[in-house]
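This structure is a prediction, so every number in the text was calculated from the model and none was measured. Proteins get letters first, then strands, A, B, ... in listed order; numbering begins at 1 in each.
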There are 2 protein chains.
Amino acid sequence: MATMINPNRKRLKPDERRADMLAKACEVLLEDGIGALTLRHLAARLGVVPGLVNHYFPEIEALAAEAFAAIAESEVTALFDAALAEPTPTAQITRLIVDLLEPHRRGVSLLWLDAWQASRNRAQLRGAVITAMDLWQDRLSTLIANGGFATPDPAASATRILALIDGLSIQAVIDEPDAPGHAILRGMVITGVERELGIALGLV
Amino acid sequence: MATMINPNRKRLKPDERRADMLAKACEVLLEDGIGALTLRHLAARLGVVPGLVNHYFPEIEALAAEAFAAIAESEVTALFDAALAEPTPTAQITRLIVDLLEPHRRGVSLLWLDAWQASRNRAQLRGAVITAMDLWQDRLSTLIANGGFATPDPAASATRILALIDGLSIQAVIDEPDAPGHAILRGMVITGVERELGIALGLV
DNA sequence: CGCTCTATTGGCCAAATGATCAATTGCCTT
DNA sequence: AAGGCAATTGATCATTTGGCCAATAGAGCG
């Protein structure tokens with residue numbers, strides 16, 4: 001039970017240490033949820049004393065917000081970079097939806113759900129959540145608008161498609177990944193997008 | 001800061017006291033969220049000592065689960081009772097959707113989101129959530145099946161409609177009730193139901 | 001009216017949390 | 001190589017949490 005004293009005491013430059021903490025905080029968020037991001041838990045994971053975390057992040061809520069923002073922005077960037085690498089607008093949308101339906105995303109869905117709920121009592125986290133949602137909205141609206149799809153209002157279409165995916169996310173969180181309801185909702189997202197944009201995604 | 005000593009000490013019968021606690025626990029869940037349901041918070045609200053709560057609910061998680069179950073079941077019962085009072089199947093569905101889109105439901109949506117997230121770490125609450133979801137699924141499936149709508153699979157239609165409403169709930173939680181996105185999602189739920197069941201709800 | 005039963009109290013514990021601060025010790029500069 | 005700056009430690013605080021238990025006192029029964 002005694003606290004492990006770290007013999008490998010390393011003195012990092014402030015930037016490195018801060019980046020290390022942020023990275024480890026992201027891991028904690030994805031693996032154990034926002035509630036598990038405590039000073040001591042994170043410090044133990046870093047092999048460091050709790051007070052040091054406080055030194056770089058005077059209030060842990062700021063760290064939680066920054067870590068969530070990093071994860072969310074990273075995911076958006078990765079998904080849209082991959083999508084935009086496709087040649088045609090339809091292929092871009094298809095790629096995006098396929099990636100979004102990937103079971104691998106379950107962890108991120110859990111985090112989003114966690115963030116949605118926790119943001120009720122945490123102002124900074126709430127700001128990060130709203131920013132991330134706006135980013136999603138902007139990127140998808142742009143993708144749709146630039147694609148020249150048969151929709152009268154790209155922004156509204158983006159909103160609806162994102163809501164579909166949100167609903168799917170909740171199911172993914174509650175049910176097991178291979179539950180029957182999952183396939184049903186998968187189909188609903190696909191046909192919803194097809195109807196919204198007037199295209200055929202060519203997915204099963 | 002001194003603890004208020006209650007001069008109005010009343011001795012209730014076990015059933016009454018337990019029911020009182022459960023009722024107050026429901027209020028706390030709806031007003032302040034699951035995280036606010038603590039021994040001391042609830043005890044203060046009851047004008048009672050924390051230990052007494054423990055006497056009736058040896059572990060507070062059981063109380064949280066029971067309170068959530070009570071709220072969820074009560075809501076389902078109220079909504080479907082009101083819906084079934086309508087004369088025609090289409091009117092029944094319309095009534096249900098209208099009630100579900102009521103801004104008043106925001107508090108319940110918050111609670112559901114809270115429960116979805118918290119159920120990750122609370123086994124009993126998770127059980128209550130799953131039970132409540134199944135109840136929703138059963139009631140709506142039955143309503144659709146008995147209505148003779150033009151859908152090949154009433155259960156699947158119910159699943160899809162519920163997912164639409166879940167997505168809407170998240171928006172209701174994050175955005176303000178009068179945000180522009182809200183009207184968009186309202187419309188999506190309505191047209192989604194209309195397409196799913198092959199009817200016209202006659203809503204704006 | 002008085003007695004008994006038990007609902008209720010008040011006090012306590014151990015654990016975990018965020019936060020602060022002087023003291024130390026490692027790295028960089030000169 | 002030596003000194004100084006600051007990254008890091010270790011210790012401590014105030015709070016809050018769930019839970020336990022002996023003592024008390026209220027309500028109903030005889």
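- Take the nearest nucleotide of DNA chain D for B:K13 and for B:G35: the residue whose nucleotide is more 5' is B:G35.
- Put simply, the side chain of A:S141 never gets that close to the backbone of A:D138: no donor and acceptor are under 3.5 Å apart.
- C:dC28 atom P lies 11 Å from atom CG of A:L12, rounded to whole Å.
- In this structure, A:I34 places its CD1 atom 16 Å from P of C:dT17, rounding to the nearest Å.
- Side chain of A:E16 to backbone of A:K13: a donor-acceptor contact under 3.5 angstrom is found.
- OP1 or OP2 of D:dT8 has at least one side-chain nitrogen or oxygen of A:Y56 nearer than 4.0 Å.
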Counting only pairs under 3.5 Å, give me each side-chain donor-acceptor contact of residues 25-39 of chain A, with atom names and distances, residues two or more places apart or in other chains.
residue: A:E27; atom: OE1; partner: A:R45; partner atom: NH2; Å: 3.3
residue: A:E31; atom: OE1; partner: A:R45; partner atom: NH2; Å: 2.7
residue: A:E31; atom: OE2; partner: A:R45; partner atom: NH2; Å: 3.1
residue: A:T38; atom: OG1; partner: A:H41; partner atom: N; Å: 3.1

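- Contact check of residues 17-28 of chain B against DNA chain D (heavy atom, cut-off under 4.0 Å) returns no residues at all.
- B:T94 and B:E86 form no side-chain donor-acceptor contact under 3.5 Å, judged by distance and modelled atom types alone.
- The NZ atom of B:K10 sits 12.0 Å away from the CG atom of B:D20 when rounded to the nearest 0.5 Å.
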With 3.5 Å as the limit, what N/O pairs link the protein to nucleotides 18-22 of chain D?
residue: D:dG18; atom: OP2; partner: B:L39; partner atom: N; Å: 2.9
residue: D:dG18; atom: N7; partner: B:R40; partner atom: NH1; Å: 2.9
residue: D:dG18; atom: O6; partner: B:R40; partner atom: NH2; Å: 2.8
residue: D:dG19; atom: OP2; partner: B:I60; partner atom: N; Å: 3.1

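- Comparing atom distances between the B:H55 side chain and each of C:dA7, D:dT9, C:dG10 picks out C:dA7 as nearest.
- Residue pairs meeting the salt bridge (Lys or Arg N to Asp or Glu O under 4.0 Å) criterion with at least one partner in residues 60-73 of chain B, sequence neighbours excluded, are B:R18-B:E66.
- Taking every side-chain heavy atom of A:R11 into account, D:dC5 is the closest of D:dT9, C:dC5, D:dC5.
- Following rounding to the nearest Å, B:E16 (CD) and D:dA27 (C1') show an atom-to-atom distance of 12 Å.
- Residue pairs meeting the salt bridge (Lys or Arg N to Asp or Glu O under 4.0 Å) criterion with at least one member in residues 185-197 of chain A, sequence neighbours excluded, are A:R160-A:E196.
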Which atom pairs, donor and acceptor, lie under 3.5 Å between side-chain atoms of residues 120-131 of chain B and protein residues at least two apart or in another chain?
residue: B:R120; atom: NH2; partner: A:D114; partner atom: OD2; Å: 3.2
residue: B:R126; atom: NH2; partner: A:I174; partner atom: O; Å: 3.3
residue: B:T131; atom: OG1; partner: B:G127; partner atom: O; Å: 2.9

